[in-house]
Every structure is written in structure tokens, then in C-alpha cells.
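Right, one structure below, let's go through it.
The sequence lines fix the lettering, A, B, ..., with proteins before strands; numbering per chain opens at 1.
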Amino acid sequence: MAQVYNPQEIEKKWQQRWAADHIYEVDEDNRRPKFYALTMFPYTSGDLHIGHWYAMAPSDVYARFKRMQGYNVLHPMGFDAFGLPAENAAINHGIHPYDWTMQNIENMRRQLKSMGAIYDWNREVITCLPDYYKWTQWFFLKFYHAGLAYRAKAPVNWCPKCQTVLANEQVVGEGICERCGTLVTKKDLEQWFFRITKYAEELLDHSHLDWPERIKTMQRNWVGKSEGAEISFWLEHEGIEQKCIKVFTTRPDTIFGVTFLLLAPEHPLVSQLTALERKAEVEEYIAWCRRQTEYDRLSLGREKTGVFLGSYVLNPLNGERVPIWITDYVLPTYGTGAVMAVPAHDERDLEFARKFKLPVRVVIAPPDWSGEELTEPYTEAGTMVNSGEFSGLPSERGYEAICALLEEKKWGKRTVIYRLRDWLISRQRYWGAPIPIIYCDKCGIVPVPEDDLPVLLPPDAEFKPSGESPLKYCQAFVNTTCPKCSGPARRETDTMDTFMCSSWYFLRYTSPETRDAPFDAAKVKFWLPVDLYTGGAEHAVMHLFYARFFIKALRDIGLVDFDEPFARLFNQGTIIYRGDKMSKSRGNVIAPDEYVTELGADAVRGYLMFVGPWELGGEWNDSGIVGISRWLNRVWNLVTTNYTPVCRDVIGPEDEKEFLHIIHKTIKKVTADLGKFRFNTMLASLMEFTNYLSKVKESGVVSDSLWREAINYFLLLLAPTAPHLAEELWARSGRPYSIHNQAWPEYDNELAREEEITLIIQVNGKLRDKVVVPASISEAEAKELALGRKRIQTYIDGKKLINVIYVPKRVVNIVLAPMQPE
RNA sequence: GCCGAGGUGGCGGAAUGGUAGACGCGGCGGACUUAAAAUCCGCUUCCCUCAAGGGAGUGUGGGUUCGAGUCCCUCCCUCGGCACCA
């Protein structure tokens, strides 16, 4: 038997034993309350780095904690296995994406197993296998039949490097591709969309979700709800069909201040509304706009640009003639692509008016307005002026009155619009689930019949990116027969966004073996919703948003009976290394393997929890981990070397009492900290406990039985954090296998309570003395004691006592009169 | 520009409005050793002092309070998100 702590040996041993005994396998056992603890599954990039461990190890600790607390815990793991890097690897290294992905999974699974988590590997889910993506395709068909999937031509985000379209959510920061950082361009393409906008309103509702405020805010901003009115401005133009231009405004109360109308350069009426003599100038401007990148166009702080079309509309409320301009700050995709400009009350419109010397008319008076021109736009509510019959009304009432009038006269109506666009799910790439659609010259768009699923990804496709789907060139795949008329037909060659795959994987974990359905409905009913979902915040408006949409759609289709997938969400922070987020693309990854080999998985787990609060992340520091490793060694020595009480007739009852107090105080603290994900302070209190145990051991002042009890509690508290070491020490001290099937210790509140406290004595708020007193001390006793202290006397001497403040069990503050100046 | 998180020793970080710096790293000193490593023990915010003791101190400047790292206001910096959305 090894006498020194040898993590390599014991970790391997227990991992094999746990697997052989199936101790972490889970079933729908109703005797214990269920708890679904889910960690975002990793993309199969090749290696897990310390950043992955930071997401996974603490969540495993929490899942183990809940398990010991008596919950029936489902804590599964799988792989998000479709995606571009697999293809890029294929292109760069000549290996098939399937082989690359499966090799990576092999390696990552090995790494994950070395962590010693409670994953039930029978439930593993791999999204790129036909058993799985068959159902991803099946959901597409369900959405199609429910009217939630449609095909449309639209200007879409195009990544020239990835050679594929991207969803709006995948364009980040300054208009760059979320995956590769390339500047995204626009392309007009026929694509498949999911009608996520149908759920815009419901997606705004986070009222039953225990989620971080900032994620909820980001989702709300992403939906971008605006309430206002759509108003028709009459066209004063001969010879065109349209009688009016519709604008959207959130401030119908400012309509009397409209001094020009703005259209997006892409607005369909622009060419018809351009006066002959302005044609050249307008066309030149439009051409200039086209040359601007999306990012340039949306960036703030650039000078306003635009041209006058040479035509006019009439303001329906006052009949005024209003010139029509085009400008690139009006976006064709938002609202109606047309804006009524009110320069007095909108910053951008004012800038535009000043640049082009257009009139500015105040129609909402600020509270103390003198009637002068405003130097800056006034965008708040106020009193309406220069507004005909509405003048004098508070603008909030004017808003209502004008809307009512517009609706009565049918000049406009109240409207709500959203910034959210439908979810573009087509990708012109190989390594994804094929969209199960067939195009027939006779029958048009025909969905693949359910029985024909999966539409298998042909293994032999040429997948070099060409800007078109690689599947297009795979004749055996493309050519098929129409399911309706049996005539010759072509398959859709685009694949689905991989976020489709990750929108339902958490359902599959409940029943991965199910063959005739995506999941076993009873098991989903048992386990879902996920009780705790942990992962990085980078998915706020992507994965987390899509998954919510998916569940709402499945609910409406009748496949699930709940509204939200993730009841509670927790975002861990980011692991920084060399000043940057650790990631393979940044080339600053630290592999856990060498640390696991050298110091053990328990040490790596422990160190990651010790760097700081989980939600804040932290800097990976090589030298920090040795602290945890040394501590685990001390733990080993503490438990494996014999304790012998000193030879005394009776072991002092006072010492035993204090010992019990420390034990229960520690249980209380560790339990509370684990519940709050405060792993760093939990470890600190376990360390303090071991420091205390060492002292006790040295002095031998407790009985043998109490010592054993303390070790017993300590190992139970250690078990979630260092599962291997705890199991080994548990076994070595003759306790029954397995520690991980033991109940979490309960603390005795009486014993955990402090009996003695250090009373702080302050004079005028400054610490001057401290004294240890029984916790039961009364106010009068405490004050008397404080005033009687020798050291305090020297401060009080000769000064006037104004007040004595007593804070129970904490402080006596003696307030003296300030010194009179001479 | 707006929203959110954060700013505390040499470093990572602790602190229900009540002892600032728990716990760990690093450093210094000591024990063990022929020696080193490992381990163990002690010290370690800064300044004055042999010491006892005293003073200063949680990004900046104010305020509230008997008492502020913590609450309020001002400003500065770092990180994350959003950003011409009518």
C-alpha cells in the first residue's frame, strides 16, 4: 500500500471501479426529487483546455453536492459535433470531417473521464451521428408543417472566409463573423428561415426564469421591441400607383414637427420618386452607399449623408408639403424603411437638418421653454406647441389623441415593431444536417417524408468551399425522385445551422436510446425543464435564445408541455491566460492533461474552484495550483497517519466542545457556500478546518472517537470537490464503499453557534481594544466592561462622554465630545 | 454614447454598515539534511519605532452615519454587451 499520495494511481483506480459498478448511472427514480444539472456541451474542436474544465469541474462539484443531498441528479455530457472547423481541418489536413470529429470525441471523452465527473456515459449524445440528426431533420419537418419554416430571398449576412451565410446572431461586434473574425458582407440569396419573430413577445418574458439580469437584458435588447405608430404620408406625385409612404415612429406626438421625410436608399419607391433633374445625383449616392460596408454604415459618429429626391409628401395632420430625402442612416430592414424626420426632437434628424440647412420646428416644449430655438434636440415628454388643435396638451396625451385621430381617419395605426429578424438556418457547407426538402419541377417544394429520414450526408462529397453548397456537386445526393409524383427531383443542398442541433440536445439526454421518436415523452416529462444550466455568457442571444424558441415551438406543436427549457441559468466567468480569453483560435490554451498527470484531477478541479468566484473567472496561474496540490497532500497525511490522543485521564470537555463547534461551523459554511457556487470560500473553510485538525492532531486533545467523527465529516465535505482522494481516504479508514453514495452531513445549529466572541471596543469609531467575552453578554455588561478597560480609560480621561453604542456580539463604540479648539 | 460587472497587500482573492487583508501563492527567517529538494514551524499592507505603541490605508473627490471596502453623489480606469433601430 502506497504511503504517499499518488493521485495518478488512485484516480485511475476509482474511475474504473465507479464505471464497473455503474454508480453514476441514473434512472427515473421517483423516490428522490429529480434535479437536472446541465453543463453546455463542448464543440468537438479536438482538445479540452482549462477553459472547458472551468465550465465543467465546478458544475460537477455542484451536481455531486445535490446528489449527496438526496436528489436524483441527471448530469449528462455529449458533443456538439457538426460545424465548420471539422471541414476546415478536412481541407487543411486531408482528413474527412467525420473521422476528424470522431477522433476528437475519442480524445475529449478520455479527457472528460479523467476529470472524474458523475456523467452517465450511457446517455452521451453526439449531434453529427444519423441517429441524432435524423431527429434534427424531423424537427425541421415539424416546423415546416406548422408554418414555422419558410424559404425566402433576402439580403443575408455572408462570410467570405467561411463561404456561407450567417444568422444575424452570428455577426458580432463590428460586423464580423462570430467564428472566424472576417468582415461580413451582404448577399441576396434564397434561404430557409424559422419564424422566431412569431415568438418575439413571448421571448421577452423571463418572468419565471431565474437567469442573470444581464442575459435577460441582452435578450430583451435583441428582440428590440418598440411601440409607436405607422403613419401614411400622402404622395404628391403623378403617375405612380402608391398613394402614400408609410413611416414608423415612436413619437406620433411630434408629427407637427416633421420638416422632411427620409427613406432608406434601398426603399422600393426611391427611383419612382426621383425627379428627373436629380437622377444623376441620387444614383451616385446610392452607388456610394453600396460601397459602404455594413459596419461603416452602422457606425456612429460619421457625418450624415443624403440627397434630396426632388419630390414631396403631404403631412396628413397639417397638409404641409414635406421634401423627401434619402439617407443611409435609415435602414431598409427596420420598420418601414422610411422615417418622418423631426429635427427638433431627434438627435440624428437634427444633425441631418443642420448639415443640409433644413428647417427645425419645436413642437414639444421643455418644462421652462422660452420659445427660443433649442440648441440640442429635446427628446423627453413636454407640452405640445405649434401643433394645431393639439397645442397645449401634455405630449403623452397628445400621443394618444393623435393615434386616435390617425386610426379614425385611417391615416395610420398604433403598431409594435421588433428588431428581431427570423432565424436564418441555411448553411452552404457540408458538415451539418441536410435540410430534408426536395424540389420537384411539377410539385414545387416537397418535404421529405418522415419515413425517409434521415437524409444521410453523403460521405464522399467534395467539400471544398466554393460559395455554394458542397452537396450541390454530389450527383448521387442531389438527384432523387419526388415523393409526391415520383418524377425526377433535386434535393436541397444546404445544411442546417448547427445551433439547430444544440436547441434540443438536452431533451435527447433523457432517452438517447429511443429509436422511434426524438425522445421518450414520459422521460422528458420527468426530467425537464433543466433545473440548472451552466455555461458561458457568449450564448446569450444565440444558443440560449434559439433553445427557448425551439421549446415554445415544440410546445405549440404538442410535443412538450412546458414553456421554457432552462429554469435557472448560471454563467461562469472566463479563464484568462496571457491577457486573453483562453481559446484554441487565440493559441493560448493550457491543456489540463499534464496537470492531471502530474498533480491529479482533484488538484486541477480544486485549483479552478479556488482562483475566485465562479462567475468572475480568473487568470490561469501555474504557480497557484501547487497550493491546492500541497493541501491535498496534507489532507492525505492527516488522514492516513494515526491519531493518538495524549495520555490523560479525561480528555478536556472544553477542548471537545470547541472541536465539535468547529466541525459544525465548517459543515454549515461549506453547505452554504456550495449552495451559492462560492467554491473559493468553501475551499478556504475546508483548508482552515484541516489547519485546525493538524493542530488538534499535534496536541492530541480530543478523544479517538471524536477524531474519527471529524475525519468522517471532513471526507464527506471534501467528496464533491476531490472525489478520488475522498473515496480513497474513505476506504483506507475502513468506511463502506462508496463515499459518493453517502448522505451530505447535517450540521447542528446549536453546536455551530459561536459561544465566545471578540468584542471590539472603539473610541469615536477607532479600534482601541478588544476582549473575548461569552456570546451571551448583555448590553449593560458589555458597556460596563468596555468603559472599565484600562486602555479605554486613558482615552476617556478628562473628556465628555456623549454616547455609548452597542452592537450585539460585535462592537462597543464610545463617543466622546470633540476637543475644543484652544 | 447607453447598459452590466469590476477596481482591496508583491500576486489570486476574503470581509450580513461594526477587528480590512480570511484562505492560498510568493517572499523572509528557522527546524530537519553533509547539502539541496520535499516537509514542518514562525513572520509577512505601508510608514515611524529596539520595543510598547502610534499614524496612514480598499481607483478619485465629496456626502450620509457613532462607525463606510460596503450606502448616496462626482469623476477616472479595466472588462463584457449593445449601439444611426426612427
Side-chain angles (χ1 to χ4, degrees), chain A residues 4 172-174 212-218 220-222 224-226 228 247-251 254 262 264 297-302 304 327-331 333-342 345-349 351-352 379 417-420 537-538 540-541 571 573-574 576 579 581 606-607 610-613 615-628 630-631 633-634 637 678 680-691 694 698 757-770 791 802-816:
Chain A
V4 292
V172 297
E174 307 178 348
E213 208 49 54
R214 90 196 148 106
I215 300 290
K216 294 194 280 188
T217 306
M218 281 164 76
R220 271 197 302 273
N221 291 343
W222 192 255
K225 180 179 182 175
S226 294
V247 302
F248 173 78
T249 180
T250 53
R251 295 294 301 272
T254 63
L262 293 166
R297 177 163 179 178
L298 291 177
S299 60
L300 270 126
R302 53 203 282 268
K304 293 284 176 282
T327 179
D328 67 350
Y329 81 80
V330 173
L331 306 172
T333 49
Y334 186 74
T336 59
V339 173
M340 60 177 222
V342 186
H345 306 293
D346 182 282
E347 197 184 328
R348 299 148 303 172
D349 296 348
E351 247 181 86
F352 193 88
T379 56
I417 63 167
Y418 301 91
R419 201 185 76 120
L420 181 68
E538 65 272 21
V541 292
N571 296 121
T574 311
I576 304 292
K581 178 184 171 164
Y607 177 59
F610 195 60
V611 287
E615 66 272 24
L616 294 183
E619 175 97 28
W620 173 264
N621 187 337
D622 265 359
S623 58
I625 191 169
V626 304
I628 292 290
R630 287 205 282 247
W631 175 63
N633 266 294
R634 282 200 296 277
N637 294 331
R678 300 312 285 244
N680 55 332
T681 48
M682 172 205 70
L683 274 164
S685 71
L686 283 180
M687 286 174 181
E688 278 179 87
F689 190 49
T690 51
N691 291 345
S694 300
E698 186 94 353
I757 52 141
T758 305
L759 189 69
I760 302 306
I761 305 170
Q762 300 178 331
V763 177
N764 286 336
K766 280 194 192 298
L767 173 77
R768 294 301 180 193
D769 200 3
K770 15 184 170 178
R791 298 185 38 163
I802 294 180
N803 199 0
V804 180
I805 298 202
Y806 174 66
V807 181
K809 299 185 187 180
R810 297 252 180 220
V811 160
V812 176
N813 187 14
I814 296 159
V815 186
L816 302 173

Discussion item. Pair Gln762(A), Val811(A) - check side-chain contact (heavy atoms from CB on, under 4.5 Å), show working.
Written reply: CA-CA 7 Å; Gln762(A) 300 178 331; Val811(A) 160; 3.8 Å; yes
query: In whole Å, what separates the P atom of C11(B) from that of G30(B)?
result: 26 Å
Pick the P atom in A36(B) and in C28(B), then give their distance to the nearest Å. 14 Å
Exercise for review: Sticking with atom C1', work out how far C23(B) lies from U44(B), rounded to a whole angstrom.
Suggested key: 15 Å
CZ of Phe352(A) to CG of Leu262(A), rounded to nearest 0.5 Å, is 5.0 Å
From the candidates A86(B), G54(B), G24(B), the one with an atom nearest any side-chain atom of Met687(A) is G24(B)
Residue pair Ser623(A)/Glu698(A) against RNA chain B: nearer the 5' end by closest nucleotide is Ser623(A)
Using only heavy-atom distances, decide whether a donor-acceptor pair under 3.5 angstrom links the side-chain of Arg768(A) to the base of U19(B).
no
Residue set satisfying side chain to side chain donor-acceptor pair (under 3.5 Å) with Asn680(A), at least two apart, ordered chain then number -> none
Taken to the nearest 0.5 Å, the spacing of Ile805(A) CD1 from Arg810(A) CZ works out to 16.0 Å
Of the listed G4(B), U19(B), A86(B), the closest approach to the Tyr334(A) side chain comes from A86(B)
Look at Asn637(A) and C40(B) and indicate whether a side-chain polar atom (N or O) is within less than 4.0 Å of OP1 or OP2.
-> no
Margin query: If we ignore hydrogens and angles and just use 3.5 Å, is the side chain of Thr249(A) paired with the main-chain N or O of Arg251(A) as donor and acceptor?
Written below: yes
Out of C84(B), U19(B), G18(B), minimum distance to the side chain of Arg810(A) belongs to G18(B)
I'd like the P distance from G17(B) over to U70(B), given in whole Å. 11 Å
Rounded to whole Å, the NZ-P distance (Lys766(A) to C66(B)) equals 16 Å
When rounded to the nearest Å, what value does the distance between C1' atoms of G12(B) and G21(B) take? 13 Å
**C1' spacing across the pair U60(B) / C75(B), given as an integer number of angstrom** = 7 Å
Less than 3.5 Å between a donor and an acceptor, one on the side chain of Gln762(A) and one on the base of G18(B), is that the case here? yes
Out of A22(B), G26(B), C66(B), minimum distance to the side chain of Asn813(A) belongs to C66(B)
Closest of C23(B), A86(B), U19(B) to the Leu331(A) side chain is A86(B)
Leu616(A) atom CG is separated from A5(B) atom P, nearest whole Å, by 11 Å
- Checking Arg768(A) side chain against Arg791(A) main chain: does a donor-acceptor pair fall under 3.5 Å? no
Sticking with atom P, work out how far U19(B) lies from U58(B), rounded to a whole angstrom. 15 Å
Met218(A) CE to C82(B) C1', in whole Å, measures 8 Å
Notebook entry, point to check: Closer than 4.0 Å, any side-chain N/O of Thr681(A) to the OP1 or OP2 of C23(B)?
Noted result: no
| Under 4.0 angstrom between Arg630(A) side-chain N/O and C25(B) OP1 or OP2 | yes
Val807(A) has its side chain closest, among G18(B), G24(B), G12(B), to G18(B)
So OG1 of Thr333(A) and CZ of Arg419(A): to nearest 0.5 Å the spacing works out to 10.0 Å
Against the side chain of Phe248(A), the closest entry in C23(B), C66(B), A86(B) is A86(B)
Of A86(B), U19(B), C82(B), the nucleotide closest to the side chain of Arg419(A) is C82(B)
Testing A86(B), C23(B), U19(B) for proximity to the side chain of Ala684(A), the answer is C23(B)
Whichever of Thr217(A) and Asp349(A) has the more 5' nearest nucleotide on RNA chain B, that residue is Thr217(A)
Side-chain contact check for Val815(A): nearest option of C66(B), A86(B), C23(B) is C66(B)
